[in-house]
Q: 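Have a look at the structure that comes next, please.
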Amino acid sequence: MSTDITWHDHSVSRIERERLNGHRGCVIWFTGLSASGKSTIANLVDVKLYERGLHSYLLDGDNVRYGLNASPDIIEEHHGKEFAERFGLGFSAEDREENIRRIGSVAKLFCEAGVVALTAFISPYRRDRDRVRATLNEGDFVEIFVDTPIEICEQRDPKGLYKKVRAGKIKGFTGIDDPYEAPFKPELRLEGATKDADMLAEEVISHLEKLGIIPALARSGGPLEGSAEA
């Protein structure tokens, strides 16, 4: 029962962790269609933050499906069929909801540790993204919509998923026979069809500077100026 658990405050506060890191923690939530460029852009942002000596970590949609949100087939190998059926996640609407709930919880922990948590998930349903936002403090959730038309995504198709969908091998695919609900008011919209990934990653970095999440670089390209507010 929930009444049998108690929240324990940490001896080291979030403010202290952010002061040590030199920037604020937050959740950068990339959303968009499959092959829109989410993971590529998020990885580039991660690199750019690392090169500045800032603390970030990328939670990628495919990677978490190997462990935290593994499918029943993956879990069954080590834990048995009954356990796998109970805790494994597929791609039904209900399973996608739980996938995002778990990721949101993990991303929140990173945020509270003063880390910039980058998440790259299709996260097709507006309600699920809004629920993650609601668990965080004001300003901690930065929703970034990678707005790439499905025609472009299908041309790219790096995993061959769209081809499988067209061949009838995959059902319930986001953007074709399952809906994608674009954000109404994302903090940042990226034009995935007209700009290259590095340019879009720079737009994200600039936006984080404007929000005061990370310190801005001097215009001359010199050392970091000032410190982020806790």
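Just so you know, these numbers come straight off a predicted model, no measurement behind them.
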Q: Do other residues, nucleotides or ligands put more than 12 heavy atoms under 6.0 Å from the OH atom of Tyr57?
A: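 Open: at most 12 neighbouring heavy atoms sit under 6.0 Å from OH of Tyr57.
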Q: Using side chain to side chain donor-acceptor pair (under 3.5 Å) as the criterion, list what pairs up with Lys159, not counting sequence neighbours.
A: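 Testing Lys159 for side chain to side chain donor-acceptor pair (under 3.5 Å), a comparison that skips the adjacent residues, returns Asp62.
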Q: Mind checking what makes side chain to side chain contact (heavy atoms under 4.5 Å, CB included) contact with Lys164, not counting sequence neighbours?
A: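 With sequence neighbours excluded, Lys164 shows a side chain to side chain contact (heavy atoms under 4.5 Å, CB included) to Lys169, Ile170, given in chain and number order.
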Q: Kindly write out the residues that satisfy side chain to side chain donor-acceptor pair (under 3.5 Å) with Asp177, not counting sequence neighbours, or none if the list is empty.
A: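 Counting only residues at least two positions away or on another chain, Asp177 forms no side chain to side chain donor-acceptor pair (under 3.5 Å).
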Q: Taking only residues two or more places apart in sequence or in another chain, which ones pass salt bridge (Lys or Arg N to Asp or Glu O under 4.0 Å) with Lys81?
A: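 Scan of Lys81 (salt bridge (Lys or Arg N to Asp or Glu O under 4.0 Å), adjacent residues dropped) gives none.
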Q: Does the side chain of Glu98 come within less than 4.5 Å of Arg101's, by heavy atoms?
A: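 A side-chain contact exists here, since the closest heavy-atom pair is under 4.5 Å.
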Q: May I ask you to test the His23-Leu49 pair for a side-chain heavy-atom distance under 4.5 Å?
A: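 No; the side chains remain at least 4.5 Å from each other.
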Q: Does any N or O in the side chain of Asp157 come within less than 3.5 Å of the main-chain N or O of Lys163, such that one atom is a donor and the other an acceptor?
A: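 Checked: pair present.
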Q: Could you check whether any side-chain N or O of Arg156 sits under 3.5 Å from a backbone N or O of Ser36, counting only pairs where one atom can act as donor and the other as acceptor?
A: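 Present.
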Q: Keeping Thr31 on the side-chain end and Ile122 on the backbone end, is there a donor-acceptor pair under 3.5 Å?
A: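 Between the backbone of Ile122 and the side chain of Thr31 there is a qualifying donor-acceptor contact (under 3.5 Å).
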Q: Sub-3.5 Å donor-acceptor pair from the side chain of Asp130 to the main-chain atoms of Ala134, do we have one?
A: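 A pair under 3.5 Å: no.
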Q: Check for a donor-acceptor pair, side chain of Asn21 on one end and backbone N or O of Gly114 on the other, with a separation under 3.5 Å.
A: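 Yes; at least one donor-acceptor contact below 3.5 Å.
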Q: Check whether Phe145 and Val204 end up in the same hydrophobic cluster, where Ile, Leu, Val, Met, Phe, Trp and Tyr are linked by side-chain heavy atoms less than 4.5 Å apart.
A: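 No, no single cluster joins them.
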Q: For the hydrophobic clusters of this structure (ILVMFWY residues joined by side-chain heavy atoms under 4.5 Å, transitively), does one cluster hold both Val132 and Val64?
A: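 In one cluster: yes.
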Q: Kindly say whether Ala84 contributes a backbone atom to a donor-acceptor pair with the side chain of Glu76 at under 3.5 angstrom?
A: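 Judged by distance alone, no pair lies under 3.5 Å.
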Q: Please list, chain by chain and in numerical order, all residues satisfying side chain to side chain contact (heavy atoms under 4.5 Å, CB included) with Asp140, sequence neighbours excluded.
A: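 Asp140 satisfies side chain to side chain contact (heavy atoms under 4.5 Å, CB included) with Arg14, Arg24, Cys111, Leu136, Asn137 only.
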Q: Hey, are the side chains of Val116 and Leu54 touching, using non-hydrogen atoms and a 4.5 Å cut-off?
A: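 No; the side chains remain at least 4.5 Å from each other.
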Q: Taking only Lys NZ, Arg NE, NH1 and NH2, and the carboxylate oxygens of Asp or Glu, determine whether Arg96 and Asp178 approach each other closer than 4.0 Å.
A: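 Salt bridge: yes.
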Q: Is a side-chain donor or acceptor of Lys108 paired with a backbone partner of Thr135 at a separation under 3.5 angstrom?
A: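 Yes: the side chain of Lys108 pairs with the backbone of Thr135.
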Q: Count I, L, V, M, F, W, Y as connected when their side-chain heavy atoms are under 4.5 Å apart, and connections chain through other members. Are Ile28 and Leu188 then in the same cluster?
A: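 Ile28 and Leu188: one cluster.
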Q: Can you name the side chain to side chain donor-acceptor pair (under 3.5 Å) partners of Glu209, sequence neighbours left out?
A: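 Only Arg52 meet the side chain to side chain donor-acceptor pair (under 3.5 Å) criterion with Glu209.
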Q: Any side-chain heavy atom of Phe30 within less than 4.5 Å of one from Leu58?
A: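 With C-beta onward as the side chain, the pair stays apart.
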Q: Using the test ring-ring contact (aromatic ring centres under 6.0 Å, His included), find all partners of Phe91 that sit at least two apart in sequence or belong to another chain.
A: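 Residues passing ring-ring contact (aromatic ring centres under 6.0 Å, His included) with Phe91: none at all.
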Q: Check for a donor-acceptor pair, side chain of Asn69 on one end and backbone N or O of Arg65 on the other, with a separation under 3.5 Å.
A: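 No, the answer is negative, given that no donor and acceptor are paired below the 3.5 Å cut-off.
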Q: If hydrophobic clusters are built by linking Ile, Leu, Val, Met, Phe, Trp and Tyr wherever their side-chain heavy atoms come under 4.5 Å apart, do Ile205 and Leu200 end up in the same one?
A: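 Same cluster.
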Q: Residues two or more places apart in sequence or in another chain: which of them pass side chain to side chain contact (heavy atoms under 4.5 Å, CB included) with Ala107?
A: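 Residues passing side chain to side chain contact (heavy atoms under 4.5 Å, CB included) with Ala107: Val27, Leu59, Ala117, Thr119.
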Q: In Å, rounded to the nearest 0.5 Å, how long is the span from CD of Glu191 to OG1 of Thr148?
A: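 If we round to the nearest 0.5 Å, Glu191:CD and Thr148:OG1 are 9.5 Å apart.
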Q: Would you please name every residue forming a ring-ring contact (aromatic ring centres under 6.0 Å, His included) with Phe83, sequence neighbours left out?
A: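 Here the qualifying residues are His79, Phe87.
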Q: Go through the structure and list residues passing side chain to side chain donor-acceptor pair (under 3.5 Å) with Arg129, not counting sequence neighbours.
A: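 In terms of side chain to side chain donor-acceptor pair (under 3.5 Å), with neighbours along the sequence ignored, Arg129 is linked to Glu143.
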Q: How about Arg17 and Leu20: do any of their side-chain heavy atoms sit closer than 4.5 Å?
A: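 Contact flag for Arg17/Leu20 side chains = no.
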Q: Taking only residues two or more places apart in sequence, or in another chain, which ones meet Arg127 in a side chain to side chain contact (heavy atoms under 4.5 Å, CB included)?
A: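 With sequence neighbours excluded, Arg127 shows a side chain to side chain contact (heavy atoms under 4.5 Å, CB included) to Glu97, Arg131, given in chain and number order.
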Q: List in chain and number order the residues that pass ring-ring contact (aromatic ring centres under 6.0 Å, His included) with His207, two or more places apart in sequence or in another chain; answer none if no residue qualifies.
A: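 Per chain and number, His207 pairs via ring-ring contact (aromatic ring centres under 6.0 Å, His included) with no residue.
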Q: Looking only at side-chain N and O atoms, does Asp60 offer a donor or acceptor that is under 3.5 Å from a partner on Tyr66?
A: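 No, no side-chain donor-acceptor pair sits under 3.5 Å.
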Q: Does one side chain, of Ser34 or Tyr162, offer a donor that lies under 3.5 Å from an acceptor on the other?
A: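 Ser34 vs Tyr162: no donor-acceptor pair found between side chains.
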